[in-house]
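Remarks on the structure that follows.
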There are 4 protein chains.
Amino acid sequence: MARERTRTKVHAAALSLAGERPVAAITMEGIAARAGVSKQTLYRSWSSTGEILFDALLARSLDENGRVTVPNSGDLAVDLTALATGMIDELADPTQERLLRALTAELQSDDALAAQFRAALLEPQLSGISERLRQASVPAPEDVAELFVGPIFHRWLLRSRSFDAEWVAAHVERVLRSAGAR
Amino acid sequence: MARERTRTKVHAAALSLAGERPVAAITMEGIAARAGVSKQTLYRSWSSTGEILFDALLARSLDENGRVTVPNSGDLAVDLTALATGMIDELADPTQERLLRALTAELQSDDALAAQFRAALLEPQLSGISERLRQASVPAPEDVAELFVGPIFHRWLLRSRSFDAEWVAAHVERVLRSAGAR
Amino acid sequence: MARERTRTKVHAAALSLAGERPVAAITMEGIAARAGVSKQTLYRSWSSTGEILFDALLARSLDENGRVTVPNSGDLAVDLTALATGMIDELADPTQERLLRALTAELQSDDALAAQFRAALLEPQLSGISERLRQASVPAPEDVAELFVGPIFHRWLLRSRSFDAEWVAAHVERVLRSAGAR
Amino acid sequence: MARERTRTKVHAAALSLAGERPVAAITMEGIAARAGVSKQTLYRSWSSTGEILFDALLARSLDENGRVTVPNSGDLAVDLTALATGMIDELADPTQERLLRALTAELQSDDALAAQFRAALLEPQLSGISERLRQASVPAPEDVAELFVGPIFHRWLLRSRSFDAEWVAAHVERVLRSAGAR
DNA sequence: AAATAACCGAGACGGTACGTCCCGTCTTCGC
DNA sequence: GCGAAGACGGGACGTACCGTCTCGGTTATTT
């Protein structure tokens, strides 16, 4: 519906606003003003700031055609460590963190957005990881992928404790042991 | 500050509103009207609906003197299964789920609330579990507690897949194996 | 400019809308939608809903080749009574009243429309009446025509009081007396 | 409801805006901004710009405690001439004319406002005039009052022709003659 | 019959205003 | 003199229309 030029302007405006204030303080009016676009144009294509931000994030990650590529060096421990480190870096990246937290919050009250999120970001990630585990003949690879991702996400989301290399190594070790791979 | 009678009325109003509409649609004005209290009275004691709801939840769980009691039957697998089942039941309890999701969302943008939450609810839970693990001589019990809780939370929060008894059993099994207890 | 077919569709749409809602609630978009015509087509030929309605009214009254014909029976009192009754019926006609009131309102703020209205509808009416008066040798027939029309219009416009046969008779009587014809 | 200070600010803002642009271009937002008042405050007490303007006009004419005082010099012709001249001056007063025209327009589509207008302004005027006529033993004084006022209003409203002293004199003469007073 | 306009529908677009909701502060008034 | 009731300035909401602007399809000539 929206012309490409318009989408681009809106994405840029949304991301720039996200960089300079609490995501919860971003408004439709603010995005419209920053993008030089009318509110109606926004509402024609998106129904909340959450949708716009998610769309902007998606567009950005597609631009960087950053499909989650899971490394496969042959050594599962090494690969999982790299994966965990990558995830942690991304979660902690100051240009992304606020956005990711806000998106997670939004998912709690917006089922449609949650479904989109699962399909577009979560499932590719989990199935990438479980695929790698399957290649290593790990049993129940989907569940083990969750065992791998869950604690990282839990720590990050509840800010319970910080991440360090030592913890990552121990975590990978525990996951492998649980999979019977050690 | 607020008189006990007032606190009670406000808590009741907040929880009753939470039971009948999306938590995000709860407003200070709505709570004041429902509680038969002036907005000023609300602002004297709380500064957001999030605070009121958190306070109401705390008060309720203290009333039910619901300290997280971790079972200790001697058989760690049995105890962890009971724990997981209890957590899952609580997370899925329709009278709580919306509130818990909303609270989780709120934590993402309110540091003070997040700190309170960690101190009052999260840490007691995690340390209860890790204490039980320590009694079973599991190494790094804090980390294993997180390995246990993280995936459950991840599934629930992202609604990625549903819980069933089979998955719980397998999950407990994996956690124990990762701890070297199997 | 506009093709005849288009003009007809637009007139029909405008009048049908006027029949089912307050005239002030008629919009260019509404007319376009009802007529199955694009907004641009409307703007090419008219610049406001007022113009369209006026145009539609004019077209309709030309169709009914409804030029104001002033009766001339020889008896001035009878003729004026018939005229007054006719005017009152037309003003009170439910299919016209809203339109006429709205048009009168519009005239207050649209000079161009007011001039068109005077030339196309008001002057023919007044000069028809004054012509009839002149034939009866009434002095200052234009002014007496206004004396005749003014109070009727005043009553209708300000809805001050309703019309009945008795009042009409007395009014005609007064007008004739003022003209020295009684 | 509205505090006196607020009403005053709003009235001043509305009248000042009316002085500098077409009345139809006055908006609730504009008045709110000019008055330094929130839109909600406006809507708490008035539901349209028409109501505000009418209220402002009323307040102003009450301030000047300008009840319509009908002169009574003993000579009816002299008094009616003075009355007509006064009405015409007021209708033509450039600071009022736009407002009065707009108000007349508004009355056509707002029944509540029309009723208020009749009760507060029109009836006092007409009954003042008919009272003066009654003192001069004119029969059907209410109807004659309308005969007097109607043509003046008709001329003004439809801008059909302008007023001059000669016309006024002839008009008064006609009205008196119709009443049998000449 | 093909080329060339004029006209049209559809509807995206930047805007302005609407009327509403809620925010957090301030004022009033009755107990 | 405290506290409910609620007025207030403010900001954002989501919607309705405004008038302008492409964009493809007809229609009707005009060659």
Side-chain angles (χ1 to χ4, degrees), chain A residues 1-7 9-10 24-49 51, chain B residues 1-3 5-6 9-10 21 24-33 35-49, chain C residues 1-7 9-10 21 24-49, chain D residues 1-7 9-10 24-49:
Chain A
M1 224 184 204
R3 292 204 282 237
E4 202 45 39
R5 175 85 189 101
T6 304
R7 283 177 61 87
K9 283 195 294 181
V10 170
I26 295 181
T27 65
M28 293 298 258
E29 297 209 332
I31 296 175
R34 175 73 56 97
V37 134
S38 82
K39 281 204 290 176
Q40 204 49 235
T41 297
L42 253 41
Y43 282 105
R44 245 192 299 272
S45 303
W46 303 274
S47 70
S48 68
T49 53
E51 265 186 30
Chain B
M1 209 179 214
R3 287 203 295 230
R5 174 86 191 101
T6 304
K9 282 197 294 181
V10 170
R21 69 185 66 175
I26 295 181
T27 65
M28 293 298 257
E29 298 205 335
I31 296 175
V37 135
S38 88
K39 284 204 290 174
Q40 208 44 242
T41 301
L42 253 42
Y43 281 105
R44 244 190 300 272
S45 303
W46 303 275
S47 70
S48 69
T49 54
Chain C
M1 209 178 212
R3 289 201 292 232
E4 202 44 39
R5 174 85 190 101
T6 303
R7 283 177 63 85
K9 282 196 293 181
V10 170
R21 69 183 67 173
I26 295 181
T27 65
M28 294 298 256
E29 298 209 332
I31 296 175
R34 174 71 58 96
V37 135
S38 88
K39 284 202 292 175
Q40 206 46 239
T41 300
L42 252 42
Y43 282 105
R44 245 190 300 271
S45 303
W46 302 274
S47 71
S48 69
T49 54
Chain D
M1 224 181 204
R3 291 205 284 236
E4 203 45 40
R5 175 86 191 101
T6 303
R7 283 177 62 87
K9 283 195 293 182
V10 170
I26 295 181
T27 65
M28 293 298 258
E29 297 209 332
I31 296 175
R34 176 71 57 97
V37 134
S38 82
K39 282 205 288 176
Q40 203 48 232
T41 297
L42 254 41
Y43 282 104
R44 245 193 298 271
S45 303
W46 303 276
S47 70
S48 68
T49 54

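Quick note on labels: first sequence line is chain A, next is B, and so on, each numbered from 1.
Comparing A/E29 and C/E29 against DNA chain F, the residue whose closest nucleotide sits nearer the 5' end is A/E29. Toward the 5' end of DNA chain F, the nearer of the two residues A/S48 and C/K39, judged by each one's closest nucleotide, is A/S48. The nearest heavy atom of DNA chain E to B/T27 and to A/S38 marks one nucleotide each, and the one closer to the 5' end goes with A/S38. Along DNA chain E, the nucleotide nearest to D/M28 and the one nearest to B/M28 differ in position, and the one closer to the 5' end is contacted by D/M28.
Atom CD1 in D/I31 sits roughly 17 Å away from atom C1' in F/dG9 (whole-Å rounding). In this structure, CZ of A/R3 is placed 13 Å from P of F/dC21, rounded to the nearest angstrom. E/dC26 atom C1' lies 16 Å from atom CZ of D/R5, rounded to whole Å. A straight line from NZ of A/K9 to C1' of E/dA12 spans 11 Å, rounded to a whole angstrom. The distance from atom CD of A/Q40 to atom C1' of E/dC18 is 13 Å, rounded to the nearest whole Å. Atom pair A/E51:CD and F/dG14:P shows a separation of 11 Å (rounding to whole Å applied). The distance from atom OH of B/Y43 to atom C1' of E/dC26 is 13 Å, rounded to the nearest whole Å. Atom-to-atom, CG of D/L42 to P of F/dA7 comes out at 14 Å; the value is rounded to the nearest Å.
For the atom pair OG1 (A/T49) and CG (A/L42), the distance works out to 9.5 Å, reported to the nearest 0.5 Å. With values rounded to the nearest 0.5 angstrom, C/S38 atom OG is found 11.0 Å from C/E29 atom CD. Going from atom CE of C/M28 over to atom OG1 of C/T41 covers 10.5 Å, rounded to the nearest 0.5 Å.
Side-chain proximity of A/V37 to E/dG14, E/dT28, F/dT20: nearest is E/dG14.
Taking side-chain N and O atoms only, A/T6 has a distance below 4.0 Å to OP1 or OP2 of E/dC13. Contact between the side-chain N/O atoms of C/R44 and the OP1/OP2 oxygens of E/dC8 is found at a separation under 4.0 Å. Regarding contacts with the backbone of E/dG9, a side-chain N or O of C/T41 is found under 4.0 angstrom from either OP1 or OP2.
Backbone-only contact: A/G36 has heavy atoms under 4.0 Å from sugar-phosphate atoms and none from a base.
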